[in-house]
Asks: 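What follows is a structure written as structure tokens; I'll ask about it next.
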Amino acid sequence: MKQDFLDDAVKRNRGLISQGVVATYIPELAKVDKNYLGVTIAYADGTILSSGDTKIRFAIESISKTVVLALALLDNGEEEVFKHVHKEPSGDAFNSIKKLETEPDHLPRNPFINAGAIMTASLIKGKDPVDKFNRVLEFMRLISEDKTLELGEDIYLSEKKTGDTNRGLAYYMKGQGVLTGEVEDILDVYFKQCSIYVTTESLAKIALFFANGGILSTGERIIPKKYAQIVNGLIATCGMYDQSGEYLDNIGIPGKSGVGGGIISPVSSKKLGVAVFGPALDEQGNSVAGIGIMKDISKELDLDMF
Ligand code: GLN
């Protein structure tokens, strides 16, 4: 991949920004300039290629769900985790409550919709919510190889203040006896994990970590290969919510988005990780110009999931 190509891809896809809007249901996210656009590709040999707004810090939001799932698997093992959450696409919006009610066991469909992510957050070990979140943050710093990652206090308070749909999901699951523990404590971990500030570079490293089967660029193994495969498989089938099938068909590689405007793509076949940032979102809550850049990169590098 040439630097020129990446620069052109950012320029070319700027036109798509006008088709999207920043997330407004979390007031702090509504303040973000929708014109930001950046991309980073991280390769297993340590090469990093970046273009556009790659130094801007933004909220990781739902991309954190991949990291928390990996930690929940480490803390509890595969069998235990999947007693609490399924591995199937929901076909519904990320914050939908519909299938929690209609599924006979009332379990969330997958760990990447909000209900499923609240469930996986409840499985993180720790003596209290502060300890649990600190473990999530440390784990994210480790696998992104970025020690500077921090909680965005402003985003967190905004999520907490306006997170009533998430409260609805959590109380419903508690009412059905499938979520155990204090709802506000569990949501505190969830709101905070979504509010960690990242850059495209830290996210590209997270994507590379999963693409590389759970190994850091130093060669150190952090999670079993099987856990990385689980995360990658769920990114492919559930990462873009009710756009997951279309995204995979259109772009050819898995993608996990967040309403902060980020998308990661772990590409196992080429041992590389791609991350984009573009806060203008489409109706499903996915970055419009970010998807455009992913498409261009996938075509140029002849990327394929298979
Ligand atoms: N924190 C956001 C929420 O709970 C995450 C949603 C997302 O990024 N899709 O609504």
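Counting convention: from 1, in listed order, for ligands and their atoms alike. Fair warning: this is a prediction, and the values are worked out from it, not measured in the lab.
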Asks: Can you tell me the protein heavy atom closest to atom 4 (O) of ligand 1 and the distance?
Replies: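 I find the closest protein heavy atom is Tyr190 OH, 2.7 Å.
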Asks: Can Arg12 be said to sit on top of Phe5's aromatic six-ring, NZ or CZ under 6.0 Å from centre and within 45° of the ring axis?
Replies: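 Yes.
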Asks: Looking at non-hydrogen atoms alone, which of Gln193, Glu61, Lys65 comes nearest to atom 5 (C) of ligand 1?
Replies: Glu61
Asks: Using a strict cut-off of less than 4.0 Å between a Lys/Arg side-chain nitrogen and an Asp/Glu carboxylate oxygen, indicate whether Glu78 and Lys87 qualify as a salt bridge.
Replies: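 Lys87 and Glu78: salt-bridged.
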Asks: Any carboxylate oxygen within less than 4.0 angstrom of a Lys/Arg side-chain nitrogen, looking at Glu28 and Lys31?
Replies: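 So Glu28 pairs with Lys31 through a salt bridge.
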Asks: Please determine if Gly258 has a nitrogen or oxygen closer than 3.5 Å to a nitrogen or oxygen of ligand 1.
Replies: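 No - when backbone and side-chain N and O of Gly258 are compared with those of ligand 1, no distance drops under 3.5 Å.
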Asks: Write out the residue and atom name of the closest protein heavy atom to atom 10 (O) of ligand 1, then the distance separating them to 0.1 Å.
Replies: Tyr25 OH, 2.7 Å
Asks: Which heavy atom of Gln3 sits nearest to which heavy atom of Ser50, and what is that distance?
Replies: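 Taking every non-hydrogen atom into account, NE2-O, 2.8 Å.
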Asks: At less than 4.0 angstrom from any non-hydrogen atom of Cys194, what atoms of ligand 1 do you find?
Replies: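 Selected atoms, number and element: 1 (N).
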Asks: Determine the sole option in His84, Lys83, Lys125 for which the side chain to side chain donor-acceptor pair (under 3.5 Å) test with Asn76 is passed.
Replies: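 Single side chain to side chain donor-acceptor pair (under 3.5 Å) partner of Asn76 among His84, Lys83, Lys125: Lys125.
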Asks: In ligand 1, which numbered atoms sit nearer than 4.0 Å to a non-hydrogen atom of Tyr241?
Replies: 7 (C), 9 (N)
Asks: In terms of atom number and element, which parts of ligand 1 are under 4.0 angstrom from non-hydrogen atoms of Glu159?
Replies: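 Checking each atom against Glu159, I get 1 (N), 2 (C).
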Asks: Hey, which atoms in ligand 1 end up nearer than 4.0 Å to a heavy atom of Asn166?
Replies: 3 (C), 4 (O), 10 (O)
Asks: Classify the ring geometry between Tyr241 and Phe94 as parallel (under 30°), tilted (30 to 60°) or perpendicular (over 60°).
Replies: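 Because their plane-to-plane angle lies in the 30° to 60° range, the rings of Tyr241 and Phe94 count as tilted.
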Asks: When you measure from atom 7 (C) of ligand 1 to every protein heavy atom, which one gives the shortest distance, and what is it?
Replies: Ser62 OG, 2.5 Å
Asks: Is a salt bridge present between Asp146 and Arg141, judged by a nitrogen-to-oxygen distance below 4.0 Å?
Replies: no
Asks: Below 3.5 Å, N or O to N or O, backbone or side chain included: is there any such pair between Asn114 and ligand 1?
Replies: yes
Asks: If you take the centroid of each ring, where Trp contributes its six-membered ring, are Phe277 and Tyr36 closer together than 6.0 Å?
Replies: yes
Asks: Please state which part of Asn95 comes within less than 4.0 Å of ligand 1, counting heavy atoms only: side chain, backbone, both or neither.
Replies: neither
Asks: Record the part of Phe191 in heavy-atom contact with ligand 1 below 4.0 Å; permitted values are side chain, backbone, both and neither.
Replies: neither
